[in-house]
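Here is how names work: the chains are called A, B, and so on, in the same order as the sequence lines, proteins then strands, and each is numbered from 1.
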Protein chains: 2
Amino acid sequence: MNGTGTAAEDRVFAALANATRREVLRLLRECGPQPVQALADHFDMRRPSLSEHLRVLREAGLVSEQRSGRQRIYRLEAAPLAEVQDWLHPYERFWRERLRGLGDLLDRMPDDDPS
Amino acid sequence: MNGTGTAAEDRVFAALANATRREVLRLLRECGPQPVQALADHFDMRRPSLSEHLRVLREAGLVSEQRSGRQRIYRLEAAPLAEVQDWLHPYERFWRERLRGLGDLLDRMPDDDPS
DNA sequence: TTGACGCGTAGGGGATCGCCTACCTATTCT
DNA sequence: AGAATAGGTAGGCGATCCCCTACGCGTCAA
């Protein structure tokens, strides 16, 4: 049921690899669902360019659109970000150990027994 | 002390936007610090190409290198991933709400009942 | 010293990115 | 109906990505 192959993962990470798109996500999170023009007002960029960014976000599943008259209301869809957090999770112990200053010890331990 | 501007953030997200580089991070996490050749063996790619990926990861602060003879031992540096998690955090309540909402929706789904 | 090894860098080439200016459709207002 | 508004699409263009093949530089072995 979970179609999450590397392709979907790839689209999400690629979508996040652009500051404009991350800013769009922030705007949708802080200001709620908005039409395209309202979003475009925050950027020094022509509206068609923003439309393409919205398409990348849509194909990554990070936003959804809902038609309302002649407007398209874009809404944040955060579910793919949960998968990013899942991806991040196995790394968590590494930066926590690092902060405690225990990292160097573990880093020299591939898989063998100290005696 | 924390030079984390948008530039550093941008480098981290851009570094993660490539499946090969994410796989390098996984290898360093699961198998520990390794020289370049050992990493390159896992990819269908010439070694210089992997070297460039390692440079991107290094400039994002995600790996560090330690010279040992004629080898360069690469090690995972997970600290920038903690910043990604920080970036992710304000979105968390959105996907939790969404999942709960989806659960409620499915509970009330009347016309989807296979077998 | 001569050669083999480990790895980075230079530079080229095709694909993709990210911006732009038209241009098109669909909806709403006179 | 005609004009204005909202927004997607086409296509061009320079920049960047990601791969490649040379090649350079330092280190170990003979």
Side-chain angles (χ1 to χ4, degrees), chain A residues 6-28 31-77, chain B residues 6-28 31-77:
Chain A
T6 22
E9 182 179 274
D10 225 61
R11 273 193 295 272
V12 173
F13 277 107
L16 296 180
N18 177 277
T20 297
R21 289 192 291 262
R22 290 196 303 276
E23 178 69 5
V24 167
L25 295 180
R26 192 191 63 79
L27 286 167
L28 292 177
C31 311
Q34 296 172 54
V36 175
Q37 190 58 52
L39 291 167
D41 290 343
H42 293 80
F43 298 96
D44 184 22
M45 178 185 305
R46 305 299 173 185
R47 191 194 39 75
S49 303
L50 187 66
S51 268
E52 289 176 30
H53 284 305
L54 289 170
R55 188 166 62 87
V56 173
L57 290 169
R58 209 183 321 122
E59 290 175 351
L62 286 162
V63 303
S64 62
E65 73 166 34
Q66 176 205 349
R67 286 177 162 83
S68 171
R70 55 186 163 184
Q71 299 188 101
R72 258 111 148 159
I73 310 299
Y74 277 83
R75 169 197 306 270
L76 174 67
E77 296 290 340
Chain B
T6 9
E9 183 179 274
D10 225 61
R11 272 194 296 271
V12 174
F13 277 107
L16 296 180
N18 177 279
T20 297
R21 289 192 291 264
R22 290 195 304 274
E23 178 69 5
V24 167
L25 295 180
R26 192 190 64 79
L27 286 168
L28 292 177
C31 311
Q34 297 172 54
V36 176
Q37 189 59 51
L39 291 168
D41 289 343
H42 293 81
F43 298 96
D44 184 21
M45 180 186 302
R46 306 297 174 186
R47 190 196 36 76
S49 303
L50 188 66
S51 268
E52 286 176 33
H53 285 304
L54 289 170
R55 187 167 64 88
V56 174
L57 290 168
R58 210 186 318 125
E59 289 175 353
L62 286 163
V63 302
S64 62
E65 73 166 35
Q66 176 206 348
R67 286 176 164 83
S68 170
R70 53 186 162 180
Q71 298 188 98
R72 259 111 149 159
I73 310 298
Y74 276 84
R75 168 198 311 263
L76 173 67
E77 296 290 340

Can you list the residues that meet the side chain to side chain donor-acceptor pair (under 3.5 Å) rule with B:R47, with sequence neighbours excluded?
none
Look at the side-chain N and O atoms of A:Y74 and state whether any lies under 4.0 Å from the OP1 or OP2 oxygen of D:dG8.
yes
Using a strict 4.0 Å threshold on nitrogen-to-oxygen distance, state whether B:R55 and B:E52 make a salt bridge.
no
In residues 40-54 of chain A, which ones come under 4.0 Å of DNA chain D, going by heavy atoms?
A:R47, A:P48, A:S51, A:E52
In residues 14-27 of chain A, which residues come under 4.0 Å of DNA chain C by heavy atom?
A:N18, A:R21
CG/A:L50 to OH/A:Y74 distance, rounded to the nearest 0.5 angstrom?
9.0 Å
Give, for atom CG of A:L28 and atom CD of A:E23, the distance between the pair rounded to the nearest 0.5 Å.
10.0 Å
Of the listed C:dC7, D:dA6, D:dT27, the closest approach to the B:R72 side chain comes from C:dC7
Closest to the A:E65 side chain, choosing from D:dG26, C:dC29, D:dG8:
D:dG8
Can you find a pair of side-chain heavy atoms, one from A:V56 and one from A:L62, that are under 4.5 Å apart?
no
Any donor and acceptor pair, going by atom type alone, linking the side chain of A:R72 with main-chain N or O of A:E65 inside 3.5 Å?
no
Any sub-3.5 Å donor-acceptor pair from B:R22's side-chain atoms to B:L16's backbone N or O?
yes
